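First the structure, in the form of structure tokens, and then the observations on it.
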Amino acid sequence: MICYLCLAGLAIFLYVYVVHIYVKLLLLKLKHGKDVYISFIPLFGDYFFLPQSFKKYGDATEIFKQRYQKNPNIKFVASNILNKIFLFVHDPEYYKSVLVNHENYTKVEILYHPKLSSTSILFGEPQKVKQQRNLLGEAFTFEKLKQRTPIINQVLLEKLEKEDKTNVLDFLTKTSSEIIIKTFFCKELQEIIVQGNDITTEMIDLITQLGDMQMNDFYVSIKLALLGRRAFGLLPSKKEKLLDARIDRLIDSTLMPIIKNKIANYKPNQNSDFLDIYIHAYLNQKPNEPKITELELCQLFVSIVSAGTDTSSHQIAITLYYLGVERQAQEEIRQEILNVVGNEVDIQPQHLGKLVLLNAFIQEAFRIKNTVIQPLTRIAKETHYIKNLKVEKGTYVAALTTAPSWSDKYFDDPNKFDYKRWLSQRPIKEDNGYVFVPFSAGGRNCIGQHMAMMTMKIMIGQILRKYDVVVDPSVKVTFPLVLFIQYSPKNLVQLKKRME
């Protein structure tokens with residue numbers, strides 16, 4: 001009897017997770033032919049190849065790049081995750097629809113947590129995100145941001161003088177986080193200590209551990225894939241309990257008292273930082289608008305600081321790596337900076353548009369190695385079409401916005417690092433406006449992209465004025481994926497003080 005039950009269970013498993021999903025993939029192949037590449041691995045699908053790619057090539061994305069270059073005409077890769085179809089959309093005309101029509105999707109739960117990020121700009125429902133972007137959008141315009149350049153220069157120059165720079169990524173992370181907090185938030189949030197760490201270190205460590213657990217812990221990732229947001233709090237593992245306790249301390253014991261005190265002592269028309277803007281909206285809510293909660297105010301701080309810190313610091317680190325490799329380009333860009341900025345201490349807004357070579361180099365670093373390989377994966381709310389591709393409800397959809405950068409259809413000699421391609425009038429051979437979107441595009445694009453670019457130019461510019469960026473050519477570099485693509489070993493990039 002037990003044997004029959006085991007056989008029946010095995011048959012059900014094989015049908016649900018192998019036969020049923022494989023037949024769906026074959027039907028997609030029959031319908032779309034050369035437009036689709038099928039990648040089927042029971043349960044794991046294309047994600048199976050991430051560790052394989054790193055193990056074989058020392059680069060988490062290399063296997064996907066080579067596949068696309070061998071199959072340059074595919075519009076999308078059809079794969080699986082458990083018993084669901086997973087579409088990795090490569091063609092800009094196709095993923096344009098995904099990015100523009102974001103209301104057709106919810107986002108997967110990677111980095112989602114009920115207390116840490118549930119109402120943040122990453123995971124909010126369309127009306128909530130629209131409200132958040134309306135509240136914060138004006139502060140992220142270039143005209144507003146250029147008033148913040150003294151803070152960026154001041155923080156960076158102080159840290160270059162005083163801080164250890166042996167681990168460049170750690171240095172950039174601490175510097176970026178201090179810039180964001182001092183630029184956008186009140187003094188009360190600038191010197192908080194949580195469990196012996198400064199608040200930014202604690203937040204980034206929590207988010208890194210949360211993402212790593214959700215992606216790489218088999219038990220947690222299977223729970224999320226099967227149950228979605230219902231998985232939170234259900235039969236938690238020891239690791240989940242420890243992480244939840246740390247998140248409780250951060251939100252309930254640290255941030256919430258500060259938020260409540262700010263609300264109690266709020267004075268109208270002071271609107272000097274993000275919390276003031278949000279508290280004003282919180283105290284003047286209208287019945288027909290999405291409700292703003294105190295938890296949302298806490299999550300605002302977490303999401304803005306952690307997202308801005310992580311993305312900027314990792315991409316600046318990658319850009320510095322390529323500056324260390326491309327020595328001639330480094331000298332050319334340094335000379336441009338010295339010519340434009342002269343003897344002024346700060347790199348100012350009027351300088352930024354004149355740093356043409358620096359801007360081109362940053363663009364090429366984004367193209368060749370964007371540390372964010374795609375926007376967060378989405379799940380179709382209802383059955384709909386992406387051009388001629390039928391996307392059924394529950395299908396996982398990833399807009400692989402890095403894929404065009406691998407293709408000679410869009411870029412000459414795509415594997416070559418050539419920053420001067422961006423100095424030509426037509427660096428992209430065919431462009432629908434979505435071929436090169438390092439900050440994503442559409443209604444859910446990166447709200448802080450102008451801040452990120454301004455910070456990158458000032459930080460890299462000031463570093464090149466004072467330091468040589470050096471990479472030891474004898475050290476083997478690898479590019480693991482730990483939430484973001486980053487280089488390894490961590491001491492690969494070194495900053496050597498220049499003679500004045």
Side-chain angles (χ1 to χ4, degrees), residues 3 5-30 32 36-57 60-64 66-68 71 74 76-90 105-112 209-232 234-240 373-381 383 389-400 480-483:
C3 290
L5 289 174
C6 290
L7 287 172
L10 178 61
I12 293 170
F13 176 85
L14 290 173
Y15 174 75
V16 172
Y17 294 101
V18 181
V19 176
H20 176 68
I21 197 71
Y22 190 59
V23 168
K24 282 190 168 186
L25 292 173
L26 287 178
L27 291 173
L28 279 171
K29 183 65 177 177
L30 287 172
H32 294 278
V36 59
Y37 181 97
I38 302 299
S39 175
F40 175 71
I41 301 289
L43 299 180
F44 302 104
D46 230 26
Y47 280 116
F48 173 81
F49 296 109
L50 277 172
Q52 302 301 316
S53 180
F54 182 73
K55 183 177 180 181
K56 185 174 181 179
Y57 299 107
T61 62
E62 181 64 23
I63 200 167
F64 305 105
Q66 290 188 19
R67 180 176 69 189
Y68 187 40
N71 302 273
I74 61 173
F76 59 96
V77 170
S79 188
N80 62 292
I81 188 76
L82 295 179
N83 65 332
K84 299 289 186 181
I85 296 290
F86 201 139
L87 302 174
F88 295 87
V89 187
H90 289 52
Y105 308 91
T106 58
K107 292 186 177 180
V108 296
E109 283 70 27
I110 301 300
L111 299 182
Y112 176 92
Q209 289 197 32
L210 177 66
D212 180 65
M213 182 175 67
Q214 291 173 340
M215 291 172 64
N216 300 315
D217 185 294
F218 183 77
Y219 173 69
V220 175
S221 59
I222 289 295
K223 264 204 315 179
L224 280 176
L226 289 173
L227 300 174
R229 296 178 185 182
R230 292 172 295 170
F232 289 95
L234 180 65
L235 302 175
S237 65
K238 183 179 179 180
K239 190 184 293 187
E240 288 177 285
I373 61 174
Q374 64 174 60
L376 282 174
T377 298
R378 307 168 189 215
I379 304 173
K381 291 180 179 178
T383 298
L389 170 61
K390 184 178 182 180
V391 180
E392 295 183 351
K393 179 181 179 179
T395 299
Y396 285 66
V397 181
L400 198 62
L481 174 63
V482 187
L483 285 187

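In this text the structure is predicted, and so the values were computed from the model without any measurement. Just so it is clear, the values below take in all heavy atoms, side chains as well, and ignore hydrogens, waters and symmetry mates. Nothing fancy with the numbering, it's 1 onward along the sequence.
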Query raised in the report: Heavy-atom count around Tyr15 OH within 6.0 Å, excluding the residue itself: above 12?
Result: no
Query - Test item: Asn80 and Tyr22 side chains (from C-beta on) under 4.5 Å apart, heavy atoms - result: no
Query raised in the report: So Val77 and Tyr68, side-chain contact (heavy atoms from CB on, under 4.5 Å) or not? Walk me through it.
Result: CA-CA 9 Å; Val77 170; Tyr68 187 40; over 6 Å; no
Query raised in the report: Are any of the side-chain heavy atoms of Gln209 and Met213 separated by less than 4.5 Å?
Result: no
Query - Atom of Thr106, atom of Lys381 and distance for their closest heavy-atom approach - result: CG2-CE, 3.5 Å
Query raised in the report: Looking only at heavy atoms, what is the nearest atom pair of Ser39 and Ser79, with distance?
Result: O-OG, 2.6 Å
Report task. I would like to know whether His90 and Tyr37 meet ring pair (Phe, Tyr, Trp, His ring centres under 6.0 Å); could you show each step before the answer? Result -> CA-CA 11 Å; His90 289 52; Tyr37 181 97; 8.9 Å; no
**Report entry** Asn216 backbone acceptor or donor facing Ser221 side chain under 3.5 Å
**Finding:** no
Query raised in the report: What are the two closest heavy atoms between Glu392 and Ala380, and how far apart are they?
Result: O-CB, 3.6 Å
Requested in this report: State whether the side chain of Lys390 and the backbone N or O of Thr383 hold a donor-acceptor pair below 3.5 Å, judged by distance alone.
Outcome: no
Report summary line: Interatomic distance, NE2@His32 vs CG@Leu27, rounded to 0.5 Å, equals 10.5 Å
Requested in this report: Show the numbers, then the answer: is there a side-chain contact (heavy atoms from CB on, under 4.5 Å) between Val89 and Val397?
Outcome: CA-CA 7 Å; Val89 187; Val397 181; 4.0 Å; yes
Query raised in the report: Which is it for Ile85 and Ile21 under the side-chain contact (heavy atoms from CB on, under 4.5 Å) test, yes or no, and what are the steps along the way?
Result: CA-CA 7 Å; Ile85 296 290; Ile21 197 71; 3.7 Å; yes
Query raised in the report: Would you say Lys56 has more than 12 foreign heavy atoms packed within less than 6.0 Å of its NZ?
Result: no
Query raised in the report: Which class fits the ring pair Phe44 and Phe218: parallel under 30°, tilted 30 to 60°, perpendicular over 60°?
Result: tilted
**Report entry** For Ala60 against Pro480, the heavy-atom pair lying closest together
**Finding:** CB-C, 4.4 Å
Query - Approximate separation, where rounding is to 0.5 Å, of Asn71 CG and Gln66 CD - result: 11.5 Å
Query raised in the report: If you round to the nearest 0.5 Å, how far is CG of Leu14 from CG of Leu7?
Result: 10.5 Å
Requested in this report: Could you walk me through whether Glu240 and Tyr219 pass the side-chain hydrogen bond (donor to acceptor under 3.5 Å, both in side chains) test, one step at a time?
Outcome: CA-CA 10 Å; Glu240 288 177 285; Tyr219 173 69; 5.1 Å; no
Report task. Answer yes or no: is there a side-chain heavy-atom contact under 4.5 Å between Phe76 and Leu389? Result -> yes
Requested in this report: Identify the heavy atoms of Phe86 and Ala398 that sit nearest to each other, and give their distance.
Outcome: CE2-CB, 3.8 Å
Query - side-chain contact (heavy atoms from CB on, under 4.5 Å) between Ile63 and Tyr57, worked out - result: CA-CA 8 Å; Ile63 200 167; Tyr57 299 107; 4.2 Å; yes
Requested in this report: For residues Leu235 and Lys223, report the shortest heavy-atom separation together with the two atoms involved.
Outcome: O-NZ, 3.6 Å
Query raised in the report: Given side chains that start at C-beta, do those of Met215 and Leu483 come closer than 4.5 Å, heavy atoms only?
Result: yes
Query raised in the report: If we only count heavy atoms from C-beta on, is the Thr395 to Lys24 side-chain gap below 4.5 Å?
Result: no
**Report entry** Interatomic distance, Leu43 atom CG to Phe48 atom CZ [nearest 0.5 angstrom]
**Finding:** 11.5 Å
Report task. Measure up the Tyr47 and Phe88 rings against each other and bin them: parallel (under 30°), tilted (30 to 60°), perpendicular (over 60°). Result -> perpendicular
Query raised in the report: Are Phe54 and Leu481 side-chain neighbours, meaning at least one heavy-atom pair lies under 4.5 Å?
Result: no
Report task. Give, for atom NZ of Lys393 and atom CD1 of Ile379, the distance between the pair rounded to the nearest 0.5 Å. Result -> 11.5 Å
Query raised in the report: How are the rings of Tyr17 and Phe13 set to each other: parallel, tilted or perpendicular (split at 30° and 60°)?
Result: tilted
Query raised in the report: How many angstroms lie between atom CG of Leu87 and atom CG of Leu400, to the nearest 0.5 angstrom?
Result: 12.0 Å
